[in-house]
Amino acid sequence: MNDRPTTAGERTAVSRLTELSSHLWVGAVVFYALGDLLTTGYGLTIAQVAERGPLTLLLYRRFGLLALIPLKTAVMLAAYLCFLLLPDPHNLGIPLGLAAVGVFVTLWNALVILSA
């Protein structure tokens, strides 16, 4: 790691990421909340596809796909609250993590659907 101070013209990776925090939140909503929900919903209409998450499976069996919307909403609100409570730049891990998990899960669901 480089410990030299940065000059006024230099931007660190963290400062660039901080500038993109709103984009990270968009990615978290698009992939974690919507992408996972939509691909899960579509996948569960295919006979060969099954839900593997125990909480998601329980909610889906009892209440249907719409029950997952409050679950996703609660997770997103809790994550945003943590984001607000943690100091910069440490809070960037929250939307970055949600977006990364969302991309992975959405792609995984899509692969499961395509292979069914």
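Considering only heavy atoms from C-beta on, Phe63 stays 4.5 Å or farther from Leu58 through its side chain. Side-chain atoms of Leu81 and Leu77, non-hydrogen and from C-beta on, never get closer than 4.5 Å to each other. By the 4.5 Å heavy-atom criterion applied to side chains, Tyr60 and Leu65 are counted as neighbours.
Side-chain atoms of Lys72 come within 3.5 Å of backbone N or O of Tyr32 as a donor-acceptor pair. With hydrogens and angles disregarded, no donor-acceptor distance shorter than 3.5 Å links the side chain of Thr106 to the backbone of Val103.
Across all non-hydrogen atoms, the minimal contact from Pro95 to Leu24 is CB-CB, 3.7 Å. Scanning both residues, Gly43 and Val49, for their nearest heavy atoms gives O-CB, 3.1 Å. Nearest heavy-atom pair, Met76 versus Leu98, reported as atom, atom and distance to 0.1 Å: SD-CD1, 4.0 Å. Gly27 and Ala99 make their closest contact through C-CB, 3.9 Å (heavy atoms, listed as atom of the first residue, atom of the second, distance).
Clustering ILVMFWY residues whenever any of their side-chain heavy atoms sit less than 4.5 angstrom apart, transitively, puts Leu96 in a cluster other than the one holding Val26. If you chain together hydrophobic residues whose side chains sit under 4.5 Å apart, Trp108 and Val101 fall into the same group. Hydrophobic clustering of Ile, Leu, Val, Met, Phe, Trp and Tyr side chains at less than 4.5 Å, counting indirect connections, unites Tyr80 with Val75. One hydrophobic cluster, built from ILVMFWY side chains closer than 4.5 Å, cannot hold both Val105 and Leu37; they sit in different ones. Using a 4.5 Å cut-off between side-chain heavy atoms of Ile, Leu, Val, Met, Phe, Trp and Tyr, with links allowed through other members, Ile69 and Leu59 fall into the same hydrophobic cluster.
Remark: of the listed residues Thr39, Leu38, Thr45, Thr45 is the sole one forming a side-chain contact (heavy atoms from CB on, under 4.5 Å) with Tyr42.
Crowding of Arg52 atom CZ: a count of heavy atoms from other residues, nucleotides or ligands under 6.0 Å not exceeding 12.
Distance check: Thr56 OG1 to Asp36 CG gives 7.5 Å after rounding to the nearest 0.5 Å.
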